[in-house]
Engineer: 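Structure in structure tokens, see below.
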Number of protein chains: 2
Amino acid sequence: MTTETLNIREMCDAFDVTPRTLRFYEAKELLFPIREGQKRLFTKRDRARLKLILRGKRFGFSLEEIRQLLDLYHMNDGQEAQLSKTYVLAERHLAAMEAQKAELEEAIGELKEQMAWGAEKLAQLAKKKSSAA
Amino acid sequence: MTTETLNIREMCDAFDVTPRTLRFYEAKELLFPIREGQKRLFTKRDRARLKLILRGKRFGFSLEEIRQLLDLYHMNDGQEAQLSKTYVLAERHLAAMEAQKAELEEAIGELKEQMAWGAEKLAQLAKKKSSAA
DNA sequence: CGTTACGTTTACGTGCGCGTCAACTTTGCT
DNA sequence: AGCAAAGTTGACGCGCACGTAAACGTAACG
């Protein structure tokens with residue numbers, strides 16, 4: 001088997017974060033490393049969660065928002081009430097992401113337009129320059 | 001013509017931001033409202049910029065990053081050096097946005113999978129409940 | 001003329017997401 | 001036994017993006 005657990009340094013190297021960040025996420029209840037004596041050991045579950053955390057951050061979600069969503073990915077043992085509550089949260093999140101995707105596509109389109117305009121401008125300047133030489 | 005300029009309150013209502021935010025953006029050189037006496041008047045240009053600012057924020061860009069990019073949308077009078085510099089910045093930004101889009105699509109896919117799994121679990125619970133009645 | 005409404009500057013306060021010591025165990029060499 | 005490496009828990013600090021309160025200007029209205 002590939003290493004079952006990672007110590008804090010291995011975890012940091014694997015995800016390019018600092019120890020401080022991992023401890024901070026644990027304090028915020030985003031990660032739950034097990035303890036070997038006093039030291040933290042990060043499980044496969046923690047690695048999956050951290051991946052989602054970092055992705056969520058890139059999308060502009062707060063750690064608190066992310067914390068709530070992480071439950072969706074680990075609702076193996078939830079009771080029905082908790083499960084459906086989480087499911088509703090996930091629906092909202094999905095809607096938010098799809099809205100973000102639509103807006104992102106629009107923004108990309110606009111930026112491309114602007115860049116085409118800028119490229120033309122640059123071409124004109126280059127032309128002027130060469131004819132003036 | 002529709003109102004040429006907006007005062008601060010109209011601007012706030014139009015974009016759902018606070019006066020503090022608009023003044024803050026001006027201090028950070030993201031907006032350049034003209035002055036009528038001491039009061040700010042927001043032009044069409046300011047409205048276009050604010051729209052881009054708010055969008056940029058939703059995508060997780062910092063105000064400083066956004067400030068640099070706003071130049072691309074107003075590089076009417078730039079010299080070639082400045083122009084091509086801005087163009088390069090825009091290329092980077094475009095790449096970042098397209099990467100973000102790809103990752104977003106992946107995340108949406110995964111979330112949908114998880115939700116399907118959750119839906120099934122919920123269905124099972126519902127079934128058990130009805131058979132137990 | 002007062003006061004009410006709207007805007008202004010100045011400046012300190014706040015929440016988030018960590019960075020950065022300091023002081024202390026624990027572990028593994030040698 | 002000694003000592004360095006790696007990890008730990010506080011606790012304070014910091015940059016960002018504003019919130020918020022204080023004190024002031026000014027234009028309009030009754």
Side-chain angles (χ1 to χ4, degrees), chain A residues 3-43 46-47 49-71 93 96 100 103, chain B residues 3-43 46-47 49-70 89 93 96 100 103:
Chain A
T3 326
E4 270 300 313
T5 65
L6 301 183
N7 65 25
I8 200 165
R9 188 95 302 278
E10 293 164 338
M11 191 74 170
C12 289
D13 292 346
F15 289 91
D16 194 31
V17 294
T18 69
R20 178 66 176 95
T21 298
L22 295 180
R23 294 189 194 108
F24 184 74
Y25 290 171
E26 184 185 0
K28 294 284 175 177
E29 303 193 288
L30 291 161
L31 297 177
F32 305 96
I34 57 180
R35 295 303 181 106
E36 182 188 47
Q38 166 168 249
K39 306 191 174 176
R40 291 166 175 84
L41 289 180
F42 295 87
T43 67
D46 291 313
R47 298 196 287 275
R49 292 175 74 93
L50 183 53
K51 185 183 170 189
L52 291 169
I53 293 167
L54 298 178
R55 176 149 74 192
K57 285 197 57 187
R58 264 169 265 139
F59 298 153
F61 295 103
S62 74
L63 291 184
E64 175 54 24
E65 288 170 322
I66 292 169
R67 191 188 60 76
Q68 295 183 37
L69 285 161
L70 280 172
D71 296 342
H93 190 57
Q100 197 173 349
E103 211 189 348
Chain B
T3 326
E4 270 299 312
T5 64
L6 301 183
N7 66 25
I8 199 165
R9 188 97 298 278
E10 292 164 338
M11 191 74 170
C12 288
D13 293 346
F15 290 91
D16 194 31
V17 294
T18 68
R20 178 66 176 98
T21 298
L22 294 180
R23 294 189 195 108
F24 184 73
Y25 290 170
E26 183 185 3
K28 293 284 176 177
E29 302 193 290
L30 290 161
L31 296 177
F32 305 96
I34 57 180
R35 295 301 179 108
E36 182 190 45
Q38 163 168 252
K39 304 188 173 176
R40 291 167 175 82
L41 289 179
F42 295 87
T43 67
D46 291 312
R47 299 197 286 275
R49 292 175 73 94
L50 183 52
K51 186 183 170 187
L52 292 169
I53 293 167
L54 297 178
R55 178 149 73 191
K57 284 197 59 185
R58 263 169 266 137
F59 298 152
F61 296 102
S62 74
L63 291 185
E64 174 55 24
E65 288 170 324
I66 292 169
R67 191 187 62 75
Q68 295 182 37
L69 284 161
L70 280 172
L89 253 176
H93 190 56
Q100 197 173 351
E103 210 188 348

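In what follows, every chain begins at residue 1, and chains take the letters A, B, ... in the order their sequences are listed. Basis for what follows: all heavy atoms, side chains included, without hydrogens, waters or symmetry-related copies.
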Engineer: For the pair Gln100(B) (side chain) and Phe59(B) (backbone), establish whether a donor and an acceptor sit closer than 3.5 Å, ignoring hydrogens and angles.
Structural biologist: yes

Engineer: Roughly how many Å is it from CG in Leu54(B) to C1' in dA17(D), rounded to a whole number?
Structural biologist: 13 Å

Engineer: The criterion is salt bridge (Lys or Arg N to Asp or Glu O under 4.0 Å); which residues satisfy it with Arg67(B), sequence neighbours excluded?
Structural biologist: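 Partners of Arg67(B) under the salt bridge (Lys or Arg N to Asp or Glu O under 4.0 Å) test: Glu64(B).
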
Engineer: For each nucleotide in nucleotides 5-10 of chain D, reading 5' to 3', give B when a protein heavy atom comes within less than 4.0 Å of its base, S when such contact involves only the sugar-phosphate, and - otherwise.
Structural biologist: --SBB-

Engineer: Taking the side chain as C-beta and beyond, is there a heavy-atom pair between Phe42(B) and Leu22(B) under 4.5 Å?
Structural biologist: yes

Engineer: Without decimals, in angstroms, what is the distance between Asp16(A) CG and dC18(C) C1'?
Structural biologist: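 It is 14 Å, rounded to the nearest whole Å.
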
Engineer: Side chain of Arg55(B), backbone of Glu103(A): donor and acceptor closer than 3.5 Å?
Structural biologist: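 No; judged by distance alone, with no hydrogens or angles, the pair does not exist.
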
Engineer: Are OP1 or OP2 of dC18(C) and a side-chain N or O of Tyr25(A) less than 4.0 angstrom apart?
Structural biologist: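 Tyr25(A) to dC18(C) OP1/OP2: side-chain N or O found under 4.0 Å.
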
Engineer: Spell out, as yes or no, whether a donor-acceptor pair under 3.5 Å connects the side chain of Gln68(B) to the backbone of Glu65(B).
Structural biologist: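 Side chain of Gln68(B) to backbone of Glu65(B): no pair is present.
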
Engineer: Mind checking if Lys28(A) touches a base, just sugar-phosphate, or nothing, with heavy atoms under 4.0 Å?
Structural biologist: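 Contact class for Lys28(A): none.
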
Engineer: Any side-chain to backbone donor/acceptor pair from Asp13(B) onto Glu10(B)? Under 3.5 Å, distance only.
Structural biologist: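 Judged by distance alone, no pair lies under 3.5 Å.
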
Engineer: Measure the distance from CG on Leu30(A) to P on dC18(C) and round it to the nearest whole Å.
Structural biologist: 10 Å

Engineer: Please tell me which of Gly37(A) and Lys57(A) maps to the more 5' nucleotide of DNA chain C, matching each residue to the nucleotide holding its nearest heavy atom.
Structural biologist: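 The residue mapped nearer the 5' terminus is Lys57(A).
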
Engineer: Taking only N and O in the side chain of Thr21(A), is any of them less than 4.0 Å away from OP1 or OP2 of dG17(C)?
Structural biologist: no

Engineer: Tell me whether the side-chain N/O atoms of Thr18(B) come closer than 4.0 Å to OP1 or OP2 in dG19(D).
Structural biologist: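 So the side-chain polar atoms of Thr18(B) do come within 4.0 Å of the phosphate oxygens OP1 or OP2 of dG19(D), strictly under.
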
Engineer: Pro33(A) and Asp46(A): which non-hydrogen atoms are nearest, and at how many Å?
Structural biologist: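 That would be CA-OD2, 3.3 Å.
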
Engineer: Rounded to the nearest 0.5 Å, what separation is found between the CG atom of Leu30(A) and the CD atom of Glu26(A)?
Structural biologist: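 Leu30(A) atom CG to Glu26(A) atom CD measures 10.5 Å (nearest 0.5 Å).
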
Engineer: Starting at CZ of Phe24(B) and ending at C1' of dT8(C), how long is that distance when rounded to a whole Å?
Structural biologist: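 One finds 18 Å between C1' of dT8(C) and CZ of Phe24(B), rounded.
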
Engineer: Which of residues 59-70 of chain B sit near DNA chain C, with a heavy atom under 4.0 Å from it?
Structural biologist: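 Result for residues 59-70 of chain B: none.
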
Engineer: Report yes if some heavy atom in the side chain of Ile66(B) is under 4.5 Å from a heavy atom in the side chain of Leu52(B); otherwise report no.
Structural biologist: no

